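Notes follow the structure.
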Amino acid sequence: MTAETEQQAEPTSYDVAAVEAKWQQVWDELQPFVADDAAVASGEREKRYALTMFPYPSGDLHMGHAEVTALHDVMARYWRFRGYEVMNPMGWDSFGLPAENAAIRNDEHPATYTYANIETQYESFRKFGLSFDWSRRLHTSDPEYYRWTQWLFLRFRERGLAYRKNSPVNWCPNDQTVLANEQVVDGACERCGATVTKRELTQWYFKITEYAQELLDDLDVLAPTWPDRVITAQRNWIGRSEGAHVDFVVEGRDEPLTVYTTRPDTLFGATFMVVAADAALAEELVSEEQRSAYEDYREQVRRASEIERLATDRPKTGVFLGVHATNPVNGERIPVWAADYVLADYGTGAIMAVPAHDQRDLDFAQAFDLPVRRVVDVPGAGDPAETFEATVGDGAYVDTPLLEGVDGKAEGVRRTIEHLEGQGLGRGTVNFRLRDWLLSRQRYWGVPIPVVHCEACGEVGVPDDQLPVTLPELRGADLKPKGVSPLAAATEWSQVACPSCGGPATRDSDTMDTFVDSSWYFLRFCSPGYQDGPFDVEQAKAWMPADIYIGGVEHAVLHLLYARFFTKVLADMGMLDVREPFAAQLNQGVVINQGKKMSKSLGNGVNLGAQLEEFGVDAVRLTLVFAGPPEDDIDWADMSPAGSLRFLQRAWRLSGDVTSEVGTPAEGGDVALRRVTHRTVDDAQTLVEGHRFNVVVARTMELVNATRKAIDSGCGPADPAVREAAETVARLLSLVAPYVAEEMWERLGHQPSVAQAAWPVVDPALLVEESVTAVVQVQGKVRGRLEVPPTISAADLEAAALADPAVVAAIADRPVRKVIVREPKLVNVVV
RNA sequence: GCCGGGUUGGCGAAACGGCAUACGCGGUGGUCUCAAACACCACUGUCCGAGAGGACGUGCGGGUUCGAAUCCCGCACCCGGCACCA
């Protein structure tokens with residue numbers, strides 16, 4: 001392992017550090033991983049696009065980066081071996097808050113922190129021996145990149161998919177910026193943990209809801225190749241529901257009050273209505289007598305934090321609005337209330353309350369002494385008016401003239417909608433939980449929104465030939481949060497001539513959510529230097545979709561949903577011929593330590609650099625890949641990088657023991673060892689393609705063990721089968737441990753690099769076993785084993801089984817009732 | 001509450017409906033060594049048994065099958081998503 005132990009004539013171990021230094025240099029010269037666009041465009045070679053989520057440049061790489069890239073590299077290297085032209089790019093998601101916070105702290109420019117970290121991470125990635133094509137490297141904070149982010153924004157805006165609206169938004173008082181719904185977790189800011197409040201602001205949105213149905217439908221297409229948990233998370237997030245809009249006439253008002261309900265069949269049980277307290281609708285509806293009561297209540301609601309609002313078990317609050325509406329099916333006059341349990345931005349912001357069949361409505365009815373009327377008699381359940389338990393199941397309709405004798409909810413809903421539509425009182429409709437994507441942020445270190453606000457012309461998009469709208473040079477205290485964007489305070493930058501009329505105008509002072517940047521970077525990789533658009537349409541057609549996308553499950557909804565949305569819009573713009581960007585997806589687990597997430601406060605962090613120093617890159621990579629299935633979490637405390645290094649040394653020793661000449665044909669070599677070799681290669685193909693990388697490592701270990709045995713106590717080191725086996729080990733190992741694999745390959749007499757070697761050709765004749773072990777069971781229990789030829793007939797196998805002494809003994813004197821024969825591997829005797 | 005996934009030796013984990021526990025870690029014993037480290041060899045699911053051997057065994061309870069870790073039904077527990085979304 002170290003130089004000291006290498007004094008002997010025949011070294012028993014290699015010098016890890018020396019090997020790493022040596023091969024890093026060779027790779028730099030050979031550049032074996034640059035993808036050839038022409039080979040794909042011409043159809044000369046089939047493409048594979050291997051994609052890993054690009055990192056945010058915060059400090060150096062950690063265990064998590066090591067794991068995901070180690071797993072990813074197995075796939076990329078395997079595809080290269082199989083003769084595909086592989087694009088394996090990497091870049092940095094380099095806009096974002098940490099750089100801005102660091103800049104304020106250190107009184108510098110965010111770019112200083114950002115680009116210094118990028119260089120650190122770049123060097124670490126290289127040392128980690130990953131087969132990235134660095135010629136495609138990109139950073140989303142480069143003007144050449146964000147110019148095209150702005151260009152895309154303008155195209156979205158032209159299509160009505162980017163718009164501004166005034167509405168209550170999630171506000172993080174600590175980061176002094178708005179947050180998308182996705183960035184609010186349990187009422188707290190996902191980033192800093194501060195309690196999120198609501199603010200009324202004018203903000204930019206992407207109209208992702210326009211694609212809600214397609215985003216949902218296409219999950220069915222992705223389901224076979226995407227993880228279940230991601231599919232489920234996205235389905236839940238999109239939250240499709242079917243129901244009806246029902247129009248209620250409000251006294252003294254021309255416009256109807258329309259509600260959304262999934263239970264139109266319970267319309268006869270509606271005893272009041274509720275409007276979201278913070279909706280404009282409530283403001284419009286409230287009577288003069290109730291106005292001050294309503295306004296007091298609304299203030300109380302606005303002060304409440306998201307956490308308080310989300311507590312589902314808190315008592316219902318609300319206020320009567322002083323108006324009544326008419327139930328369209330029975331003409332009944334019911335009161336209209338305002339409450340905060342109804343959400344302004346879901347459905348129509350108003351509901352019909354059916355307390356008998358909705359627990360929330362029942363709780364509200366109880367709190368304010370409103371009537372409860374049962375219209376579905378659910379067998380076995382009491383009357384909700386007495387039990388205070390709303391019933392939601394199927395049952396016989398009561399007091400519902402429209403649905404007499406109707407059986408079941410589905411039919412009841414269908415008939416009611418039919419009736420409403422016939423009478424012009426409502427219509428069947430579909431609703432989504434998904435909201436539009438709030439993309440503007442009041443921070444500095446992001447993409448400036450390329451829009452100018454002109455007194456005369458209003459909102460004007462910056463013309464394409466004036467892109468990019470670059471950031472002004474701000475640093476340190478200029479960036480301190482003040483509730484408005486730092487860009488608004490940079491007056492020299494913000495005051496411009498209107499591109500349309502030339503009059504005085506101001507630039508939009510918001511920057512984009514960094515999720516915008518990462519929604520299309522995988523397209524830029526297809527033609528990273530392209531000058532005439534965000535990407536070369538032809539190159540994107542050649543490379544897309546990514547054949548695998550590996551990354552953390554924390555992006556199950558956010559990033560993956562946005563990237564899918566962008567892809568669909570770009571397809572509609574005619575720039576892509578795929579509607580889904582990622583054909584297959586794999587989420588690696590997280591690396592923990594001693595049963596807990598690594599953290600500074602717990603003091604249980606495992607430093608990647610220290611592990612690499614101690615065991616070497618190959619051993620750390622091997623440990624991460626061998627630990628278990630890629631999607632499972634790894635507890636580093638349960639792992640043994642020392643054991644991994646031990647194995648690598650054992651494997652390496654094989655390359656020194658081979659005595660046959662390089663190029664010696666394997667034909668005629670020891671058949672038993674050749675069988676193991678060819679079986680291993682054949683299985684490895686299936687295993688890698690099934691992402692079962694841990695098993696590939698196990699099988700490689702078995703091959704090493706078999707080769708060792710052959711050398712020491714079998715056919716001996718000169719047998720050509722030993723060379724074949726050792727060369728196979730080098731290639732299999734290069735998927736995970738590239739340094740030692742190169743070293744082995746060279747010691748075996750080959751030219752570098754093993755990464756450019758051909759995958760071994762499997763000889764099908766060697767996959768057929770000479771003899772197999774047939775198991776003989778009596779009553780399903782193993783009682784004997786027979787060595788038989790694989791071609792044995794059922795009759796012969798049965799005869800041999802029944803002649804076996806142990807089997808005869810197990811049967812004893814009982815009559816044989818039936819014999820199941822699955823030649824050549826199994827016989828089961830039933831007595 | 002609704003949706004998705006899981007539960008196999010001391011530990012990480014393998015196993016087209018057909019030998020459960022491959023591979024590795026850890027442990028025990030041994031070879032080498034003055035000694036140790038390294039390396040190598042053997043053993044290592046539980047119980048009974050001196051041994052040969054036997055019984056039991058993949059979270060729990062049923063079922064299908066000649067045969068179930070694997071398929072079906074029910075339950076418990078763990079992990080993840082959604083949740084005052086009408």
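Naming: A, B, ... by sequence-line order, numbering from 1 per chain. Keep in mind that this is a model prediction, so the values were computed, not measured.
Using a 4.0 Å heavy-atom criterion, one finds that A/V274 contacts no nucleic acid atom at all. Contacts of A/R240 with the nucleic acid, taken as non-hydrogen atoms under 4.0 Å apart, are absent. No engagement by A/K825 is indicated, since no non-hydrogen atom pair under 4.0 Å with the nucleic acid exists.
Distances from the side chain of A/R314 to the nucleotides B/C84, B/G4, B/G54 place B/C84 closest. Here B/C40 is the nucleotide among B/C40, B/G18, B/A86 with the atom lying nearest to any side-chain atom of A/R653. Closest to the side chain of A/I820, out of B/A86, B/A83, B/G18, is B/G18. Side-chain proximity of A/Y346 to B/G80, B/A86, B/A55: nearest is B/A86.
At least one side-chain heavy atom of A/L622 sits less than 4.5 Å from a side-chain heavy atom of A/V697. Counting heavy atoms from C-beta on, the side chains of A/V776 and A/D804 never come closer than 4.5 Å. No side-chain heavy atom of A/T348 sits less than 4.5 Å from a side-chain heavy atom of A/L257.
Using modelled atom types, one finds a donor on one side chain and an acceptor on the other under 3.5 Å when comparing A/W636 with A/Q611. One side chain, A/Q585 or A/N587, offers a donor N or O that lies under 3.5 Å from an acceptor on the other.
Stem analysis of RNA chain B (Watson-Crick or G-U pairs, both distances under 3.5 Å, runs of at least three) returns B:1-7 with B:76-82, B:10-12 with B:23-25, B:26-31 with B:39-44, B:45-48 with B:53-56, B:59-63 with B:71-75.
Distance A/L222 CG to B/G4 C1': 16 Å, rounded to the nearest Å. With rounding to whole Å, A/Q594 atom CD is found 17 Å from B/C11 atom P. The distance from atom CG of A/N587 to atom C1' of B/G80 is 11 Å, rounded to the nearest whole Å. Look at CG on A/L434: it is 12 Å from P on B/A83, rounded to the nearest Å. For the pair A/M352 CE and B/A86 C1', the interatomic distance rounds to 9 Å; values are reported in whole Å. Across the protein-nucleic acid pair, A/R433 atom CZ and B/C3 atom P stand 16 Å apart, rounded to whole Å.
Taking the ring centroids of A/Y346 and A/F432, they lie at or beyond the 6.0 Å cut-off.
In this model, the phosphate group of B/C38 is not approached by any side-chain N or O of A/S13 to a distance below 4.0 Å at OP1 or OP2. Side-chain N/O atoms of A/K781 include none lying less than 4.0 angstrom from OP1 or OP2 on B/G18.
Here A/R235 pairs with A/D220 in a salt bridge; the nearest charged N to carboxylate O distance falls below 4.0 Å. Electrostatic pairing of A/R433 and A/D345 does not count as a salt bridge here, judged by no charged N lying under 4.0 Å from a carboxylate O. Between A/R240 and A/E242 there is a salt bridge, since at least one side-chain N of the basic residue sits less than 4.0 Å from a carboxylate O of the acidic one. For the pair A/R708 and A/D657, the salt-bridge criterion is met [side-chain N within less than 4.0 Å of a carboxylate O].
Across A/V676 and A/A706, no two heavy atoms sit closer than the pair CG1-CB, 4.1 Å. Contact record, A/P355 with A/A365: CB-CB, 3.8 Å, taken as the closest heavy-atom pair.
Glycosidic conformation at B/G9 (O4'-C1'-N9-C4 for purines, O4'-C1'-N1-C2 for pyrimidines): syn, within 90° of 0.
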Just the table, please: protein N/O against nucleotides 20-26 of chain B N/O, every pair under 3.5 Å.
| from | atom 1 | to | atom 2 | distance (Å) |
| --- | --- | --- | --- | --- |
| B/A22 | O2' | A/E702 | OE2 | 3.0 |
| B/G24 | OP1 | A/N705 | ND2 | 3.2 |
| B/C25 | OP1 | A/R646 | NH2 | 3.0 |
| B/G26 | OP2 | A/R646 | NH2 | 3.2 |

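One N or O donor and one acceptor, one from the side chain of A/N828 and one from the base of B/C66, sit under 3.5 Å apart. For B/G5, the base has no donor-acceptor partner in the side chain of A/R229 [N/O atoms by modelled type, under 3.5 angstrom].
Within residues 627-636 of chain A, the residues that have a heavy atom under 4.0 Å from RNA chain B are, in order of number, A/A627, A/P629, A/D632.
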